[in-house]
Amino acid sequence: MNVIEELWWRGMIHEIIPGTDSYLAENKISLYLGVDPTSDSMHIGNLVTVMMLVNFQKHGHTPVALVGGATGRVGDPSGKDKERQLLDEETLERNVMGIRKQLESFLDFEAQENPARMINNYEWFQGMGFLEFLRDVGKHVTISYMMNKESVKKRLKSESGLSYTEFAYQLLQGYDFYHLYKEHGVKMQIGGSDQWGNITTGTELIRRMLGSEEKAYAAVCPLLTREDGSKFGKSADGKSIWLDPERTSPYEFYQYWMQAADADAEKYIKIFTLKGKEEVEGLIAQHQEAPHKRALQKALAEDVTGRVHGTEGLEQAEKLTEFLFGRNTSPESLQGLSKKEWTEIAKVSDTKKLSKGEMDGGMGVLDFLVSIGVAKSKGEARRAIEKDKSIKINLQACKAPDQQLSLADTFHGGFIHVQKGKKNKYIVQVD
């Protein structure tokens, strides 16, 4: 398959300028993706278009990541229901550096034949005056053309309306394409489907400013949703899934892919990995034979987590997954958990709180179980220990109702594992 055929197979093309596929079949090109530096980290919603760039580079084309150091000072109305807060120069610079570091996990900036490049559009906008822009760029695009864009129509109907700043955004993005085309030989732009209007403004600007014989190309990927219709890239509680491990831990990141519905996992394995058609079809068949083993989700989670968080992050995620969901957890396994891992487990478990003052001088196990809510009374706690034999402290059976607990029983001075029966597991965090 050539790159366009592969992207169609992977479900990564929503719209494409006619003739793009035949041109790419005969030419190796430079193409670019605009990356919005509104944060110092990308989230997984950004990965669809990033993986488009990855596929292009795999097929010998040269990827360019264009960060909007200039356009980030303005704001894109596409897909937004209100104008966003503008960022200062220091924040934008920090965001650009953070994005560059994450892109290095996906794009090869050291490739001999077609190394990826990162360009900041502030380079050409910083010295351009307003009158110069109106004279040299604005005169080439009509108001009716700009008003006809879906992003503009939608915002004009919204309560917040549309400022001139945001209205002019498509001209700025269009000029990016023109500049890259003219100065760097970039022939194509890719993006999400919400960017189609901005991207085609660029192809039109190239035609009008450089002549009708000039041809620019474009393709956009579809808006990705989950099987239930909810937005891709959000956790069950509505939080974004970030690539930054300080915002979304490797374990949470790994679990997002592990919890994907079967139909979604079939889509995701094509989009977010570089696994070939034969391997993907093999994984789908394997999954259909034994869905409970979640072969698709596991292959997906391993691939994406390993790429984003490296071997160490993947191993940590798998270790915590085995601890929380595996069947071979032992008292010895608790000893091997770092303080960071205990903290992560506490974040995603049924966690109870106790103060160090309560534990410092020792605490009877009956009082302990009542204090953390595992038993409603000392009598119930005693029956659970003596009659039901259902209480484990740090995975050791609790046999005596007069057992004493202290800070010496905690891991890293702050964590105790409590289990009642086979299914009820708790983490007690002492601080």
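All residue numbers refer to positions in the sequence shown, counting from 1.
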Next on the checklist: Please enumerate all residues that pass side-chain contact (heavy atoms from CB on, under 4.5 Å) together with Leu210, with sequence neighbours excluded.
Outcome noted: Tyr178, Tyr181, Lys182, Ile206, Glu214

Item to check | Value rounded to 0.5 Å, distance of CD in Glu123 from CG in Asn121 | outcome: 8.5 Å

Item to check | Donor-acceptor side-chain pairing of Gln259 and Gln297 below 3.5 angstrom | outcome: no

Item to check | Pair Glu204 + Arg207: basic N to acidic O under 4.0 Å | outcome: yes

Next on the checklist: For residues 56-68, which residue pairs pass the side-chain hydrogen bond (donor to acceptor under 3.5 Å, both in side chains) check, not counting sequence neighbours?
Outcome noted: Glu6-Lys58, Glu6-His59

Item to check | Shortest non-hydrogen separation from Phe253 to Trp257 and the atoms involved | outcome: O-CD1, 3.0 Å

Checklist entry - Gln429 and Lys353: side-chain donor and acceptor closer than 3.5 Å? => result yes

Next on the checklist: Within the 4.5 Å heavy-atom criterion, are Lys215 and Tyr23 side-chain neighbours or not?
Outcome noted: no

Checklist entry - What's the spacing between Ile190 CD1 and Met51 CE if we round to 0.5 Å? => result 11.0 Å

Checklist entry - Between Asp176 and Gln173, does any side-chain donor sit less than 3.5 Å from a side-chain acceptor? => result no

Item to check | Between NE2 on residue His179 and CG on residue Leu66, distance to nearest 0.5 Å | outcome: 9.5 Å

Checklist entry - Going by atom types alone, do Ser349 and Thr351 pair a side-chain donor with an acceptor below 3.5 Å? => result no

Item to check | Distance under 6.0 Å and angle within 45° of ring axis: Arg155 vs Phe167 | outcome: no

Per-pair distances, 0.1 Å, donor-acceptor, side chain in residues 242-251, under 3.5 Å, sequence neighbours excluded:
residue, atom, partner, partner atom, Å
Asp244, OD1, Glu246, N, 2.9
Arg247, NH1, Ser39, OG, 3.1
Arg247, NH2, Ser39, OG, 3.4
Arg247, NH2, Asp40, OD1, 2.5
Thr248, OG1, Trp242, N, 2.9
Ser249, OG, Glu252, N, 3.1
Ser249, OG, Glu252, OE1, 3.2
Ser249, OG, Glu344, OE1, 3.4
Ser249, OG, Glu344, OE2, 2.7

Checklist entry - Hey, mind stepping through Ile416 and Lys352 against side chain to side chain contact (heavy atoms under 4.5 Å, CB included) and telling me if it holds? => result CA-CA 10 Å; Ile416 300 175; Lys352 312 294 184 179; over 6 Å; no

Checklist entry - Phe177 vs Tyr32 aromatic rings, parallel, tilted or perpendicular, using cut-offs 30° and 60°? => result perpendicular

Next on the checklist: In the structure I gave you, are the side-chain heavy atoms of Leu274 and Arg307 within less than 4.5 Å of one another anywhere?
Outcome noted: yes

Item to check | Ala261 versus Glu227, closest heavy-atom pair with distance | outcome: CB-OE1, 3.2 Å

Item to check | Arg100 and Val96: CA distance, side-chain angles, deciding distance, side chain to side chain contact (heavy atoms under 4.5 Å, CB included) verdict | outcome: CA-CA 6 Å; Arg100 164 70 190 237; Val96 167; 5.6 Å; no

Next on the checklist: Within this structure, what is the OG-CG distance for the pair Ser390 and Asn424, rounded to the nearest 0.5 Å?
Outcome noted: 9.0 Å

Checklist entry - Taking atom types as modelled and ignoring hydrogens, do the side chains of Gln102 and Ser105 form a donor-acceptor contact shorter than 3.5 angstrom? => result no

Checklist outcome for this item: The reported gap from CG in Leu7 to CE in Met52 (rounded to nearest 0.5 angstrom) is 5.5 Å

Item to check | With Phe106 via ring-ring contact (aromatic ring centres under 6.0 Å, His included) - residues at least two apart | outcome: none

Item to check | Rounded distance [0.5 Å steps], OG1 in Thr321 versus CD in Glu318 | outcome: 7.5 Å

Next on the checklist: So which atom in Pro63 and which in Leu53 form the shortest heavy-atom distance, rounded to 0.1 Å?
Outcome noted: CB-CD2, 3.7 Å

Checklist entry - According to the interplanar angle, ranging from 0 to 90°, do the rings of Trp124 and His184 count as parallel (below 30°), tilted (30 to 60°) or perpendicular (above 60°)? => result tilted

Next on the checklist: Which label fits Phe272 and Phe232: parallel for a plane angle under 30°, tilted from 30 to 60°, or perpendicular past 60°?
Outcome noted: parallel

Quick one: side chains of residues 334-341, donor-acceptor pairs under 3.5 Å with protein atoms, not counting sequence neighbours, listed by atom name and distance.
residue, atom, partner, partner atom, Å
Ser338, OG, Glu341, N, 3.1
Ser338, OG, Glu341, OE1, 3.4
Glu341, OE1, Lys319, NZ, 3.3
Glu341, OE1, Ser338, N, 2.9

Checklist entry - Does a side-chain N-to-carboxylate-O contact under 4.0 Å join Lys356 and Asp431? => result no

Checklist entry - Can you list every side-chain hydrogen bond (donor to acceptor under 3.5 Å, both in side chains) pair that touches residues 264-278, not counting sequence neighbours? => result Lys275-Glu279

Checklist entry - Under 6.0 Å from the NZ atom of Lys392, do we count more than 12 heavy atoms belonging to anything else shown? => result no

Checklist entry - Can you name the closest pair of heavy atoms from Ala65 and Leu103 and give their distance? => result CB-CD1, 3.6 Å

Checklist entry - Any donor and acceptor pair, going by atom type alone, linking the side chain of Arg294 with main-chain N or O of Asp262 inside 3.5 Å? => result no

